[in-house]
Amino acid sequence: MKKIINEVENIVPEMISGLVRVNHELVKQIPNTTAVVRNDDDFADSQQVGIVSGGGSGHEPLHAGFVGDGMLSAAVAGEIFTSPTPDQIYEAIKAVDHGQGVLLIVKNYSGDVMNFDMAKEMAEADDIKVKSIVVDDDISVENSEFTQGKRGVAGTVLVEKIIGAAARAGKSLDELEQLGKTVIENTKTIGIALHAATVPAVGHPGFELKDDEIEFGIGIHNERGYSIEKISKSKQLAADLVNKITKDFAKKDGKFAVLVNGMGATPLMEQFIFANDVLDQLKKQNIEVGFSKVGNMVTSLDMQGLSLTIMKVDDDWIKWLKEPVKTIAW
Amino acid sequence: MKKIINEVENIVPEMISGLVRVNHELVKQIPNTTAVVRNDDDFADSQQVGIVSGGGSGHEPLHAGFVGDGMLSAAVAGEIFTSPTPDQIYEAIKAVDHGQGVLLIVKNYSGDVMNFDMAKEMAEADDIKVKSIVVDDDISVENSEFTQGKRGVAGTVLVEKIIGAAARAGKSLDELEQLGKTVIENTKTIGIALHAATVPAVGHPGFELKDDEIEFGIGIHNERGYSIEKISKSKQLAADLVNKITKDFAKKDGKFAVLVNGMGATPLMEQFIFANDVLDQLKKQNIEVGFSKVGNMVTSLDMQGLSLTIMKVDDDWIKWLKEPVKTIAW
Amino acid sequence: MAERACKNDCMVGEKKMKLELTNAEQWIKLFTSKLDENVSTLNELDTAIGDGDHGTNMERGAKAVKEALDKQTPADLSALFKTTAFAMIQKVGGASGPLYGTAFLDMSKAAKDEADLAKLVQVGADGIKRRGQSDVKMKTMIDVWQPVADDLSAGPLTADQVDQALQSTKGMVATKGRASYLEEKSVGHLDPGSQSSAYLFDSLIEALGEK
Amino acid sequence: MAERACKNDCMVGEKKMKLELTNAEQWIKLFTSKLDENVSTLNELDTAIGDGDHGTNMERGAKAVKEALDKQTPADLSALFKTTAFAMIQKVGGASGPLYGTAFLDMSKAAKDEADLAKLVQVGADGIKRRGQSDVKMKTMIDVWQPVADDLSAGPLTADQVDQALQSTKGMVATKGRASYLEEKSVGHLDPGSQSSAYLFDSLIEALGEK
Ligand SMILES: Nc1ncnc2c1ncn2[C@@H]1O[C@H](COP(=O)(O)OP(=O)(O)O)[C@@H](O)[C@H]1O
Ligand SMILES: Nc1ncnc2c1ncn2[C@@H]1O[C@H](COP(=O)(O)OP(=O)(O)O)[C@@H](O)[C@H]1O
Ligand SMILES: [Mg+2]
Ligand SMILES: [Mg+2]
Ligand SMILES: [Mg+2]
Ligand SMILES: [Mg+2]
C-alpha cells in the first residue's frame with residue numbers, strides 16, 4: 001500500500017483540517033469534531049431548514065465537499081468507511097438549527113442509521129425538530145423489509161443537491177422530508193469496479209480481480225457485487241447498466257437525470273467516454289435526459305470503477321439540480 | 001491495462017463528445033474538431049480578448065473543463081499526450097476572436113509550441129491579432145536557453161484562472177500577454193509519482209516503481225523525475241517539496257498562492273492531508289498564503305501522485321484567482 | 001485467532017449470580033486487552049463479509065474505555081457500564097459503536113437496582129435488538145449475546161457455550177448489517193461482531209474465574 | 001526492429017541526382033508502410049526517453065498520407081510533397097507533426113523550381129531547424145536529416161550512412177524535445193524521431209533502387 005498519509009489514525013482529522021484550511025471562506029470546523037459547517041453570512045442570516053449529512057470517510061468529496069449555499073448546511077465525517085458518532089452529529093445539528101428544524105440525509109447502512117438516530121434523540125431532548133431521510137439507491141442489492149435493504153451510494157449527491165436547493169428556496173422541514181422520500185424512491189444506481197479500494201488500516205485491496213475482470217454491483221465500501229465478468233467495451237458496459245436500471249423504472253416517460261460517478265482512481269477521460277455511451281443508450285430507448293453530470297462525487301478511496309445513477313425527475317427537481325451553488329466540489 | 005474505453009483511436013473524440021453533451025449549457029464543440037468553445041450569451045455579446053489553450057489529452061479536466069465565463073474562451077484537445085494540430089487550434093482562434101485579438105496559453109513542450117505557432121501564423125494571415133504565452137512552471141527541470149527549458153504543468157490552471165478573469169475584466173491583448181508572462185515567472189511546480197500512467201496505445205505503465213518507492217520531479221506525460229526515494233510520511237514529502245520550491249523564490253515576503261494537484265488516481269483524501277502539511281510548512285517559514293486550492297486539475301491519466309504549485313501573487317491576482325467562474329471543473 | 005484462556009472445563013457463575021464491581025472492572029479490562037490483541041483477526045473477519053474495519057473500530061473503543069477508566073475509577077457497576085457505554089458511543093462509530101454503546105448504556109441503567117448477571121446481559125441483548133432493529137438468526141452479535149444470556153440464566157456459563165454461539169453464526173445467512181448485502185455468500189464466515197462479543201464473554205468467564 | 005531492405009552495398013543517386021515523381025511516390029508509399037510496420041518500435045523508443053507515442057503519432061500520419069494520395073494522384077513533385085505535408089500537419093500533432101509537416105511543405109515549395117534530391121533534402125532539414133529552433137547534435141531527427149543531406153550532396157546515399165547517422169544519436173545528450181528533460185539520462189537511447197527519419201531515407205534508397 002502506497003498512500004500519501006501520516007499516521008493511519010490521523011487520516012480523518014488531518015484530511016478535514018486540510019479541507020477546512022484550504023476552503024476557509026466556504027466552511028469551518030466545529031471545534032473538537034470532524035463536523036464541517038457553512039461559513040457564509042448568507043447562512044448565518046437565513047431562516048432555512050438546516051440540512052446535515054455525513055457518514056464514513058473515504059468518499060470525498062462527499063459530504064464536506066457539498067457544504068455551502070444551496071446544498072448542505074453541515075457534514076459530519078466518520079472514520080474511514082465508519083459512521084460518525086452521535087455526539088458529533090448532534091453538534092452539527094445544533095450548529096445549523098435556525099429554529100426551522102434540521103433534516104438529516106443518511107445513507108442506508110446500519111451504522112449510519114443507528115448513529116444518526118441516536119443523534120436525533122439527543123437533539124430532540126434539546127427541543128430541536130429533527131427529521132431524517134435514508135438514501136437507498138443501490139439497486140444491485142435486493143430490497144426486503146426483513147433486511148437492512150438497499151445501500152445508499154452515489155445518488156446521495158443528487159438528493160443533497162435537490163434538498164439543498166429546495167431548503168434554500170424556503171421549504172419547511174416536513175415538505176423537505178416528503179420531497180426527500182419521493183426523490184429517493186426515484187433514484188437508482190449501480191456501480192462497477194475494475195480494482196478494489198485499499199482501506200489504509202487494512203493495507204491491501206478489499207478483493208482481487210483478474211487483469212481482465214470487472215465486478216458488477218459493488219458498493220462504495222468494497223462490498224462485493226452480483227457478478228464478475230470479463231471487461232467489455234464502454235459501449236457494452238453502458239448498455240448493460242442502462243438496461244438494468246431502466247428496467248427498474250415502471251414508466252419511461254417524463255424526464256430523467258443522469259450521474260456518471262468516478263470511484264476515485266478512474267480518470268475523468270473514461271468517465272466522459274462512458275457518459276457518452278450512456279447518453280447514446282438512453283437516446284435509443286427514447287428516454288429524455290433533463291440533467292446530467294460527470295465526475296468524482298461519491299468515491300471509494302482509490303477504487304477503480306464508476307457508477308451510473310438515473311433519477312426520474314420533475315421540472316422543479318431539474319431546476320434545483322441546475323441551480324448554482326457555492327461548495328467545494330459540486 | 002483495464003480501462004473503460006472503446007477503440008483506442010476513438011478515445012479523444014468520444015471523450016469530447018461526452019463532455020460536451022453533458023455540459024451543453026456551458027460549452028459547444030466546433031464541428032469536425034476536438035475544440036470546445038464557450039456556449040453562453042455573455043460571451044457572444046462580450047468584447048473581451050479571446051483566451052485559447054489546449055494540448056494533448058490525458059490531463060482532464062484541463063483544458064476543456066476550464067472553458068467558461070471568467071476562464072478560457074476555448075480549449076483544443078490533441079490526441080493523448082500529443083499536441084493538437086494547427087488547423088484545429090486555428091478554428092478555435094477564429095471562433096473566439098471578437099476583434100480584440102486572441103491570447104494563446106501554451107504549455108512548454110516542443111510539440112505544443114510548434115503547433116500553436118503554426119496556428120498563430122494561419123490566424124495572422126486572416127488579420128487576427130494573436131499573441132501567446134508559454135507556461136514553464138516545472139522547476140524539477142533545469143532551465144537553459146539552449147534547451148526546450150522547463151515543462152508546463154499544473155501551474156497552467158492558475159495562469160488560466162488569472163488570465164481568464166483579467167480578460168473578463170477588460171484587459172487588452174498586450175496587457176494580458178504582459179500579465180501572463182509575469183504570472184508565469186512567479187509560478188513554480190514540482191510533481192511526485194507513486195505509480196506511472198498507462199497510455200492506452202502503449203498498454204502498460206510508462207515506468208515501474210517498487211512498492212515502497214516514489215519518484216520526485218516527474219512530468220505529466222510520464223517524463224522521469226530527478227530522484228527515486230523510499231516513500232515517506234506526507235509531512236516529510238510536504239517539507240521536501242515546499243523547501244525545494246521556496247528556495248527557488250528570491251523573496252519570501254508578500255503573498256503566495258498554493259495549488260495541490262492530484263494526478264488522476266490519487267484520492268482527494270490524500271490531497272487534503274498533503275495540503276494540510278504544506279500549509280504547516282509554509283506557516284513555519286512565515287510564508288503568507290493568500291489563496292489555496294486542492295483537487296484533480298491537471299492530471300496524467302491514471303497516474304498516482306500529486307504536484308505542488310506555489311505562486312508569488314499580488315492582490316489583483318488573488319482577486320482574480322478567487323473570482324467565481326462558470327466552468328465544468330474549477 | 002487468539003488462544004482461549006480457558007477451555008471446556010472452565011465455567012463461571014452460579015444461578016442468580018451477582019456481579020461485583022471488582023469482577024466487572026476486571027471483565028471490561030480483559031475485554032479491552034483482547035480487542036487490542038485481536039485487531040487484525042476482527043478486521044479480517046470483517047473484510048470477508050463486511051468492510052474490514054471491525055477490529056480497528058473496536059480498538060478505538062478499547063483505547064477510549066481504558067483512558068476513561070484510568071481517569072476516573074467508577075464508583076459502582078452502573079458508573080462502570082456508563083463510562084464504557086459513552087466511550088464506545090463517542091469513539092467507535094460504525095454499527096458496533098451504537099450497538100455496544102446501547103447495550104452498556106441500558107445495562108448501566110438497569111444496574112442501578114439490579115445486579116443479577118444473567119438479567120443484566122439480557123438487558124444488553126435487548127438494547128442491541130432495539131437499536132439494531134434486529135433479532136437472533138440474522139448473523140449479528142445478537143447470536144452471541146442472546147444464547148449467552150440464556151445460558152447464564154440456566155446456570156454457569158462455559159467458554160464452550162460462548163464458542164458454540166459464535167460458531168453458529170458461520171452457517172447463517174446475514175440479513176442485517178453489511179454482510180446482508182452478500183446474501184447467500186455470507187454463509188461460511190463467522191460474523192465479526194459475534195467474534196468481538198465472544199471476546200467479551202470469554203473475558204467475563206476469565207474475570208469471574210480469577211476471583 | 002524491422003529488417004533493413006538493403007545493407008551496405010545498397011546505394012542510390014548520382015551527384016546532382018534529379019528526383020522523379022514516380023520515384024518520389026514510391027518513396028512516400030514505402031515510408032508509410034515502414035511507419036505502419038514499426039509502430040511499436042517507435043513507441044518503445046519514445047517510451048524510453050519521451051512519452052511513448054511517436055509510433056502512434058506517425059501511424060496516424062501514414063494513414064492520412066495514404067488516404068490523401070489514394071483520393072487524388074498528385075500532378076507533380078510539389079503537389080506530392082504538399083499533400084504529404086498537409087496530412088502530417090493535420091493528423092500527426094505532437095512535435096513530429098509540425099516538423100515533418102514543415103519539412104515537406106518547404107520541400108513542396110522548393111520543388112516548384114528545383115528537383116535536385118540533395119538540395120530538396122537540405123531544404124527539408126532547414127525547415128525542421130527553423131520550426132524546431134534546433135540544430136544538429138541536439139539528439140533530434142535533424143541528426144539524421146542533416147548527415148543525409150550532406151551525404152546526398154557528396155554522392156550516392158547508402159543505407160549504411162543512414163544507419164550511421166541514426167546510431168550517432170545514441171551517444172548524444174538531448175537538448176531539444178521531451179528527451180531533453182532527461183538530460184544525461186537520455187544518453188544510450190536512439191532518438192525516436194531519428195529512427196522514423198531513418199525509415200524515411202531507407203525508403204528513399206529502396207524507391208530509387210527499385211527504379
Ligand atoms: N442491525 C444490527 N443489529 C445487530 N448487530 C449488527 C447490526 N448491524 C451490524 N451489526 C453488527 O456489527 C458488526 C459490524 O460492526 P463494524 O464493522 O464495527 O461496523 P460497520 O458495519 O459499520 O463497519 C457486525 O458483524 C454485526 O455483528
Ligand atoms: N525542437 C525540435 N527540433 C527537432 N526535432 C524535434 C524537436 N522536438 C522534438 N523533435 C523530434 O520529435 C521526436 C518526437 O516526436 P513525437 O514523439 O511524435 O512528439 P512528442 O514529443 O510531442 O510526443 C523526437 O524524437 C525528435 O526527433
Ligand atoms: Mg465500517
Ligand atoms: Mg506526445
Ligand atoms: Mg465494518
Ligand atoms: Mg512522443
Side-chain angles (χ1 to χ4, degrees), chain A residues 1-7 10-11 14-19 21-23 25 57-58 60-61 65 80 194-195 209 211-214 231 233-235 237 258 260 264-277 279 292-296 299 301-302 304-306 322 324 326 328-329, chain B residues 1-7 10-11 14-19 21-23 25 57-58 60-61 65 80 192 194-195 209 211-214 231 233-235 237 258 260 264-277 279 292-296 299 301-302 304-306 322 324 326 329:
Chain A
M1 178 187 70
K2 260 195 277 188
K3 288 186 190 280
I4 301 172
I5 53 175
N6 298 300
E7 283 69 32
N10 295 335
I11 287 178
E14 289 181 1
M15 167 184 78
I16 295 292
S17 168
L19 179 141
R21 290 168 81 181
V22 167
N23 299 287
E25 285 166 19
S57 292
E60 294 68 34
I80 291 175
L194 284 65
H195 194 283
L209 289 172
D211 260 3
D212 58 351
E213 283 177 352
I214 166 169
I231 187 168
K233 299 239 185 272
S234 168
K235 278 187 216 306
L237 290 175
V258 176
V260 171
T266 285
L268 266 182
M269 170 178 274
E270 297 174 42
Q271 297 175 40
F272 278 123
I273 291 173
F274 180 76
N276 189 50
D277 292 325
L279 294 178
S292 54
K293 189 151 182 102
V294 171
N296 295 336
T299 62
L301 294 170
D302 54 355
Q304 235 179 300
L306 49 75
K322 288 188 179 176
K326 291 191 200 119
I328 297 169
Chain B
M1 177 188 69
K2 261 196 275 189
K3 287 185 191 278
I4 301 173
I5 53 175
N6 297 301
E7 282 70 33
N10 295 336
I11 287 178
E14 289 181 359
M15 168 184 76
I16 295 291
S17 168
L19 180 141
R21 290 169 81 182
V22 168
N23 300 287
E25 285 165 18
S57 292
E60 295 66 34
I80 291 176
I192 54 176
L194 283 67
H195 193 281
L209 290 172
D211 259 2
D212 58 351
E213 282 179 352
I214 165 169
I231 187 167
K233 300 239 184 269
S234 168
K235 278 186 215 309
L237 290 175
V258 176
V260 171
T266 286
L268 265 182
M269 170 178 274
E270 298 175 40
Q271 298 175 39
F272 278 123
I273 291 174
F274 180 76
N276 189 50
D277 292 326
L279 294 178
S292 54
K293 189 148 182 105
V294 171
N296 295 337
T299 61
L301 294 170
D302 54 356
Q304 233 180 302
L306 49 73
K322 289 188 179 177
K326 290 190 200 120

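The sequence lines fix the lettering, A, B, ..., with proteins before strands; numbering per chain opens at 1.
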Residue part contacting chain B, namely of [X], when any heavy atom lies under 4.5 Å:
X: Thr299(A); answer: neither
X: Gln271(A); answer: neither
X: Lys3(A); answer: both
X: Lys322(A); answer: side chain
X: Ile16(A); answer: neither

(request) Identify, with sequence neighbours excluded, every residue that meets side chain to side chain contact (heavy atoms under 4.5 Å, CB included) alongside Glu213(B). (result)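 Here the qualifying residues are Leu209(B), Lys210(B), Ile228(B).
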(request) Report the residues that fulfil side chain to side chain contact (heavy atoms under 4.5 Å, CB included) with Lys235(A), sequence neighbours left out, ordered by chain and then residue number. (result)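 Lys235(A) satisfies side chain to side chain contact (heavy atoms under 4.5 Å, CB included) with Asp277(A), Asn6(B), Glu14(B) only.
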(request) Specify which of Pro324(A), Pro61(A), Gly18(A) makes the most heavy-atom pairs with chain B at under 4.5 Å. (result)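 Between Pro324(A), Pro61(A), Gly18(A), the count favours Gly18(A).
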(request) Could you have a look at Ile5(A), Asp302(A), Ile80(A) and say which one has the most heavy-atom pairs with chain B under 4.5 angstrom? (result)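 Option with the greatest count: Ile5(A).
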Considering only heavy atoms from C-beta outward, does the side chain of [X] approach that of [Y] to under 4.5 Å?
X: Leu19(B); Y: Leu268(A); value: no
X: Leu237(B); Y: Leu306(B); value: no
X: Glu60(A); Y: Met15(A); value: yes

(request) Let me know if Ile231(B) has heavy atoms under 4.5 Å from chain A in its side chain, its backbone, both or neither. (result)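 Contact with chain A: side chain only.
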(request) Scan Ile11(A), Ile4(A), Asn10(A) and name whichever one has a side-chain contact (heavy atoms from CB on, under 4.5 Å) with Ile273(B). (result)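 Running side-chain contact (heavy atoms from CB on, under 4.5 Å) over Ile11(A), Ile4(A), Asn10(A) with Ile273(B) returns exactly one hit, Ile11(A).
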